[in-house]
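Notes to accompany the following structure.
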Amino acid sequence: ADSKIGAIGTEALDFSQPDTTGTPISLSSFRGKYVLVDFWASWCGPCRAENPNVVLAYERFKNKNFTVLGISLDDNKADWLEAVNNDKLNWLQLSDLKKWESSVVNTYQIEGIPFNVLVDPAGKIIATELRGQTLQETLAKLFP
């Protein structure tokens with residue numbers, strides 16, 4: 001069977017998106033680190049509700065060769081930056097501000113957000129859809 005794009009054990013497909021200053025950043029530039037690629041948007045209620053959990057994970061594990069990379073499906077830059085600020089998302093944030101037309105939606109066949117993939121230092125996907133307590137428990141096992 002064809003392995004599904006974004007499936008556990010597959011290579012995380014590379015992409016590049018502008019950060020908040022417009023500088024393009026690629027996923028491959030995070031090689032050598034564990035990175036939680038977090039797809040969200042300011043207008044997405046469930047995403048905003050999940051953000052404190054992601055903040056907690058980031059603060060707990062950021063010194064363990066772990067980071068979060070936020071990819072927003074926003075189309076309004078002011079709304080996006082305000083949400084990043086209000087929710088205290090102190091990691092790199094990327095968006096091409098094209099909402100569902102964003103290139104990453106197609107790359108990762110995203111059907112809904114919040115959605116995330118956990119990528120290991122070799123660039124392989126080791127987990128997906130980590131939310132709530134499952135996110136904390138998965139990371140705690142990785143970084144005892």
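This one's a predicted model, so the numbers in the text were calculated from it and none came from an experiment.
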**Item:** Salt bridge present between R48 and E82 (N-O < 4.0 angstrom)
**Value:** no

**Message:** Taking the side chain as everything from C-beta on, heavy atoms only, tell me whether Q93 gets closer than 4.5 Å to W80.
**Reply:** yes

**Message:** Quick check: do P114 and C44 have side-chain heavy atoms less than 4.5 Å from each other?
**Reply:** yes

**Request:** For residues V104 and L73, determine if any side-chain heavy atom of one lies less than 4.5 Å from a side-chain heavy atom of the other.
**Result:** yes

Can you give the donor-acceptor pairs under 3.5 Å from side chains of residues 60-68 to other protein atoms, not counting sequence neighbours?
unit_1 : atom_1 : unit_2 : atom_2 : d
R60    : NH1    : Q136   : OE1    : 3.0
K62    : NZ     : E59    : OE1    : 2.9
N65    : ND2    : G32    : O      : 2.8

**Message:** Would you say that L139 contacts L130 through its side chain, given a criterion of any heavy-atom pair below 4.5 Å between the two side chains?
**Reply:** no

**Prompt:** Is the shortest heavy-atom distance from the side chain of P52 to the side chain of D87 under 4.5 Å?
**Reply:** no

**Asked** Is there a side-chain contact between L135 and L36 (heavy atoms, below 4.5 Å)?
**Response** yes

**Item:** Under 3.5 Å donor-acceptor, D74 side chain and A41 backbone
**Value:** no

**Asked** Under 4.5 Å between side-chain heavy atoms, hopping through other hydrophobics if needed: is there a path connecting I113 to Y58?
**Response** no

**Message:** List the residues meeting ring-ring contact (aromatic ring centres under 6.0 Å, His included) with F30, not counting sequence neighbours, and say none if there are none.
**Reply:** none

**Message:** If the threshold is 4.0 Å, N to carboxylate O, is there a salt bridge linking E129 and R131?
**Reply:** yes

**Asked** What do the steps show when you test D38 against L89 for side chain to side chain contact (heavy atoms under 4.5 Å, CB included), and what is the final call?
**Response** CA-CA 11 Å; D38 184 42; L89 311 181; over 6 Å; no

**Item:** Full working for side chain to side chain contact (heavy atoms under 4.5 Å, CB included) between L92 and I25
**Value:** CA-CA 9 Å; L92 203 57; I25 306 281; 3.7 Å; yes

**Atom NZ of K77 with >12 non-hydrogen neighbours under 6.0 angstrom** = yes

**Asked** Mind checking whether L118 and V55 sit in one hydrophobic cluster, side chains of I, L, V, M, F, W, Y counted as touching below 4.5 Å?
**Response** yes

**Request:** Classify the angle between the aromatic ring planes of F39 and F15 as parallel (below 30°), tilted (30 to 60°) or perpendicular (above 60°).
**Result:** tilted

